[in-house]
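Working notes, structure below.
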Amino acid sequence: MTRSQANLVLLSVALIWGLAFVAQAEGMAGVGPLTFTGIRFLLGAVIVLPLAWREWRQRSTQRMPARAGDVLVVCALGVLLMLGAALQQIGITSTTVTNAGFLTALYVPLVPLLAWLLLRTRPHWSVWPTSLGCLGGTWLLAGAQGLEPAGGDLWVVASSLFWALHVLFVGRVAGRIAAPFLIACGQFIVCGIGSLLWGTLTETITLGGIRQALLPIGYAGIVSVAIGFTAQVIGQRYAQPSDAAIILSAETVFAALFGYLLLGERLHAAGIAGCGLILACIVIVQLAPLHGARQRARAG
């Protein structure tokens, strides 16, 4: 795959994930947020299962059986995924698709901050101003009215913490186990079952409601979870890191675009400024370290 082809794949992923916010909002007409999340990820697990099974057989022939520790860390990733997806879905019930897209992206500057706090990895200097910029953008996006954003916005902001933890640890787990489809399928199963169990305690689940939400669930499970996550892995094998950083950040822009085209959402002037500030900070926090590393390599 050429660099241009890889960039097109990643652009398709950003578009898929941006449209998924609309599907997540529309799916709330028939089911609760936890039920939607559970079915969505179990559906994604079913799609990925044949690839995971092939990977399992390959590891078996190479005498690389799964260890108890491996199973535990995949389950832990599934719990983080469940908390991120479920809190985001709860937030979508009482905020706009546009807000949800941009506020979810707050995980980008959170990743290096959490790496510093939990793994003692010193963050690049750009993390500090961009984190403040994201806070300012969140305030503007929420309406710039005091310091109290809407309830749905708070749920989505909370979800960004778990998305950040998931991003922080999934790479380390994948590097240690070297079985990406098994990891993906395992965490999808844990996320799906955990969400459904949670949903049975707090929501009313009916077959009629599931049928009503079938199309959004199908898109979110098959296209967003199974195809989107897999295409991201494939595209990032061949794309330059700087390309991937910018293109995948476009997920937030696509969420706002589809919210406008399909749901008739509109942003006030402060909201537009907030979206622009968040997007700028997301791009800067990803590109600044790459630029510094390139300059050091040239100097050396």
Side-chain angles (χ1 to χ4, degrees), residues 10-11 13-26 28 84 87-114 123-164 167 242-292:
L10 292 176
L11 185 62
V13 171
L15 187 149
I16 285 170
W17 287 346
L19 184 55
F21 282 100
V22 175
Q24 290 173 250
E26 292 294 288
M28 293 299 91
L87 294 179
Q88 180 195 70
Q89 193 64 39
I90 292 171
I92 286 175
T93 62
S94 54
T95 191
T96 65
V97 165
T98 302
N99 282 26
F102 279 93
L103 294 176
T104 298
L106 292 175
Y107 79 85
V108 176
L110 277 177
V111 169
L113 283 174
L114 291 171
H124 190 265
W125 63 264
S126 60
V127 167
W128 309 113
T130 52
S131 297
L132 292 175
C134 282
L135 286 176
T138 303
W139 178 65
L140 290 169
L141 188 57
Q145 297 172 353
L147 295 175
E148 298 182 3
D153 292 339
L154 291 176
W155 283 108
V156 178
V157 170
S159 78
S160 69
L161 172 63
F162 295 103
W163 288 124
V167 169
S242 57
D243 293 357
I246 295 173
I247 294 170
L248 289 178
S249 296
E251 170 195 8
T252 60
V253 178
F254 283 123
L257 177 63
F258 287 124
Y260 171 79
L261 293 176
L262 301 179
L263 302 178
E265 294 182 356
R266 301 292 187 273
L267 275 174
H268 46 73
I272 294 173
C275 289
L277 183 56
I278 291 173
L279 185 60
C281 290
I282 287 169
V283 173
I284 290 170
V285 80
Q286 295 179 87
L287 294 187
L290 296 175
H291 179 69

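Along the sequence shown, residues carry numbers from 1.
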Side chain proximity check, Thr93 to Trp155, heavy atoms < 4.5 angstrom: no
Side chains of Leu154 and Thr95 in contact at under 4.5 Å (non-hydrogen atoms): no
Interatomic spacing from CG in Asp153 to CD1 in Ile92 - rounded to 0.5 Å: 11.0 Å
Smallest separation among heavy atoms of Pro109 and Ala105, with atom names: CD-O, 3.9 Å
Closest approach of Gly84 to Phe162 (non-hydrogen atoms, all atoms of both residues): N-CB, 3.7 Å
Expected output: side-chain Glu251 to main-chain Gly101 donor-acceptor under 3.5 Å: no
Value rounded to 0.5 Å, distance of CE in Met28 from CD1 in Ile90: 9.5 Å
Rounded distance [0.5 Å steps], OH in Tyr107 versus CG in Leu114: 13.0 Å
Euclidean distance, Leu113 CG relative to Ser131 OG, rounded to 0.5 Å: 4.0 Å
Nearest non-hydrogen partners of Trp163 and Gln88, listed with the distance: NE1-NE2, 3.8 Å
All ring-ring contact (aromatic ring centres under 6.0 Å, His included) counterparts of Trp17, not counting sequence neighbours: Phe229
CZ/Phe258: more than 12 non-hydrogen atoms of other groups inside 6.0 Å: yes
With sequence neighbours excluded, residues passing side-chain contact (heavy atoms from CB on, under 4.5 Å) with Cys281: Thr130, Cys134, Leu277
Minimum side-chain heavy-atom gap Glu26-Leu263 below 4.5 Å: yes
OG1 on Thr252 to CG on Leu257, rounded to 0.5 Å: 11.0 Å
Reported CG-to-CG distance for the pair Leu15 and Leu10, which is rounded to 0.5 angstrom: 12.5 Å
Considering all heavy atoms, the nearest Val22-Gly259 contact: CG2-N, 4.2 Å
Side chains of Asn99 and Val156 in contact at under 4.5 Å (non-hydrogen atoms): no
CA sep, side-chain torsions, deciding dist, call: Leu19, Phe254, side-chain contact (heavy atoms from CB on, under 4.5 Å): CA-CA 7 Å; Leu19 184 55; Phe254 283 123; over 6 Å; no
